[in-house]
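To keep things clear, I will list the structure first and then write my remarks on it.
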Amino acid sequence: MTGAVRKLSISVPPDVAERLEREPNASAFLVDAARALMRREALDAELAHQGIPVADEGVARARAARAAVEVTWPAERYEAIRERVRHATAGDEDHAGRVSAA
């Protein structure tokens, strides 16, 4: 995180606190998570603007399809694709190249 920042004090449930305590940089972890959510919300808004609303049923079908791929593909194949995505977006600050597991 470079540039201007604001310090916040937040309250989180114990399971989230335990997860954050395992991170070497909890602030960066939370920033990445928040930006991923912001990108998803922006995509949903743009799709809706184009007349393609995102429905919970469609999201559930997409997640199920992704889970089926993850089960059938060898871990090496999945990781190779993740690495290609990381490499392709490495220079783009708005897209850190992380592939969400959600």
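All values reported here derive from a predicted model rather than from experimental measurement.
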Taking E79 first and then R86, would you say they form a salt bridge - that is, a charged N and a carboxylate O separated by under 4.0 Å? yes

Side-chain donor-acceptor contacts of residues 3-22 below 3.5 Å, not counting sequence neighbours, with atom names and distances?
| from | atom 1 | to | atom 2 | distance (Å) |
| --- | --- | --- | --- | --- |
| R19 | NH1 | E23 | OE2 | 2.5 |
| R19 | NH2 | E23 | OE2 | 3.1 |

Once side-chain hydrogen bond (donor to acceptor under 3.5 Å, both in side chains) is applied, what residue pairs with a partner in residues 43-57 remain, sequence neighbours excluded? E46-Q50, E57-R61

Going by side-chain heavy atoms closer than 4.5 Å, which hydrophobic residues are tied to V59, directly or by a chain of links? L43, L47, I52, V54

